[in-house]
Amino acid sequence: MNGALTKTLATRKLSLFILTSLDGKVARSNGEIDWIWTDPVEGPNSDCNYGKFMSSVKYVVTGRKTFDISASFEKLPFAGKQKYVFTRTAGSSRPNDETTYISDDPAQFVRELKTRAPLDNVEDEKIWLLGGAEIFKQLHDADLVDEIILTIQPIIIGAGINLFDGITLETKWNLVSCESWKEGLVQMTYSRSPTPTV
Ligand SMILES: NC(=O)C1=CN([C@@H]2O[C@H](COP(=O)(O)OP(=O)(O)OC[C@H]3O[C@@H](n4cnc5c(N)ncnc54)[C@H](OP(=O)(O)O)[C@@H]3O)[C@@H](O)[C@H]2O)C=CC1
Ligand SMILES: Nc1nc(O)c(N)c(N[C@@H]2O[C@H](COP(=O)(O)O)[C@@H](O)[C@H]2O)n1
């Protein structure tokens, strides 16, 4: 059989890199993340693989609420990455060269981004699914998430925004690696099993 015909086209991976509390929350009910990274991590790999992950990222996709929080910390968050912010109220947005507000269906948009040409360097062009939970659920339930890098911080916050509440699709994952830090953080890297089709 012709090899060229049977070759599967590689596409960009959609990777959720996120931190939750021990009870699965990404933020308090009012969106506050004052409990995140409160105890500095020391020693080797003290950035919990953030730098390594960022070096593999070309695009960032995020819900408007998450982006607003990031933009409240720094004027141009995730500089150097092309950012797409999902919103249903585009009129109030503040776009710039690196930030585009998207009102299309997130799943449809991400499908296009995964396969956008050129595709010859996709290994170094991950799409970071920054969050939050609302956008994650939609992209998960469309079976578009390829990788989950989940860091758990040893705190139980009670009420809050749960990353997995409201998921409707059942999915299975392969454990790629698991790392822990003496401060109590645990980071698991999972890949989708089987790889989702675009
Ligand atoms: N712990 C961690 O590592 C992280 C924590 N967070 C936290 O999560 C919280 C936010 O999460 P969450 O509340 O789930 O919100 P999201 O960040 O997922 O944003 C939700 C917003 O996205 C837009 N949106 C949602 N669905 C669509 C759609 N189908 N089409 C177009 N736009 C859409 C809407 O924006 P609009 O209202 O403008 O229409 C909606 O209000 C923040 O507090 C943030 O700090 C976020 C990332 C990481
Ligand atoms: N490990 C790590 N180190 C940092 O310095 C970080 N900024 C993060 N960020 C991760 O991404 C989410 C958004 O954070 P920021 O808007 O950059 O603060 C955050 O929840 C972390 O998971 N991670």
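Just follow the structure's listing: the first ligand is 1, and inside any ligand the first atom is 1. Only a predicted model underlies this, so the values are computations on that prediction, with no experimental measurement involved.
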Flag [X] as yes when one of its N or O atoms lies below 3.5 Å from any N or O atom of ligand 1, and as no otherwise.
X      : value
Ile161 : no
Val26  : yes
Gly31  : yes
Glu32  : no
Thr20  : no
Glu134 : yes
Asp105 : no

Test item: Asp23 side-chain N/O and Gly158 main-chain N/O as donor-acceptor pair under 3.5 Å: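 Here the side-chain-to-backbone pair exists.
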Test item: Glu183 side-chain N/O and Pro154 main-chain N/O as donor-acceptor pair under 3.5 Å: no
Salt bridge or not for [X] and [Y], using N-O below 4.0 Å?
X      : Y      : value
Asp68  : Arg64  : yes
Asp34  : Arg28  : yes
Glu147 : Lys13  : no
Asp47  : Lys52  : no
Arg88  : Glu134 : yes
Asp146 : Lys126 : no

List the closest protein heavy-atom neighbour of [atom]: residue, atom name, distance to the nearest 0.1 Å.
atom                    : value
atom 13 (C) of ligand 2 : Leu130 CD1, 3.7 Å
atom 18 (O) of ligand 2 : Phe73 CD1, 4.6 Å
atom 21 (C) of ligand 2 : Trp37 NE1, 3.9 Å
atom 16 (O) of ligand 2 : Ser70 OG, 3.3 Å
atom 22 (O) of ligand 2 : Leu19 N, 3.6 Å
atom 1 (N) of ligand 2  : Asp47 O, 2.7 Å

Check: Trp128 N/O within less than 3.5 Å of ligand 2 N/O: no
Measure [X] to ligand 1 on non-hydrogen atoms and call it side chain, backbone, both or neither using the 4.0 Å cut-off.
X      : value
Ile36  : side chain
Pro106 : side chain
Ala133 : both

Phe17 and Phe53 aromatic ring geometry - parallel, tilted or perpendicular at 30°/60° bounds: parallel
Should one rank [options] by closest heavy-atom distance to [atom], which comes out on top?
atom                    : options                      : value
atom 3 (O) of ligand 1  : Leu19, Thr62, Asn162, Leu139 : Leu19
atom 23 (N) of ligand 2 : Phe78, Phe53, Tyr50          : Tyr50
atom 17 (O) of ligand 1 : Thr66, Leu129, Thr89         : Thr66

Side-chain H-bond candidate by donor/acceptor type, Glu179 with Asn45, under 3.5 Å: yes
Between Ser56 and Asp124: side-chain donor-acceptor atoms closer than 3.5 Å: no
Give the numbers and elements of all ligand 1 atoms closer than 4.0 Å to a heavy atom of [X].
X      : value
Ala27  : 7 (C), 43 (O)
Ile135 : 18 (O), 24 (N), 25 (C), 26 (N)
Ile18  : 2 (C), 3 (O), 4 (C), 48 (C)
Leu130 : 47 (C), 48 (C)

Distance (rounded to the nearest 0.5 Å) between Leu113 CG and Arg12 CZ: 6.5 Å
Ile18 CD1 to Leu163 CG distance, which is reported to the nearest 0.5 Å: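 One gets 5.0 Å once the value is rounded to the nearest 0.5 Å.
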Proximity of Phe109 and Phe86 rings by center, below 6.0 Å: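 Yes - the distance between ring centres of Phe109 and Phe86 falls below the 6.0 Å cut-off.
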Side-chain donor/acceptor pairs under 3.5 Å, residues 184-191, sequence neighbours excluded:
residue : atom : partner : partner atom : Å
Gln187  : OE1  : Asn49   : ND2          : 2.6
Gln187  : NE2  : Cys48   : O            : 2.9
Gln187  : NE2  : Thr151  : OG1          : 3.0

Ligand 1 contacted by Ile33 (non-hydrogen, < 4.0 Å):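 It does; at least one heavy atom falls under 4.0 Å.
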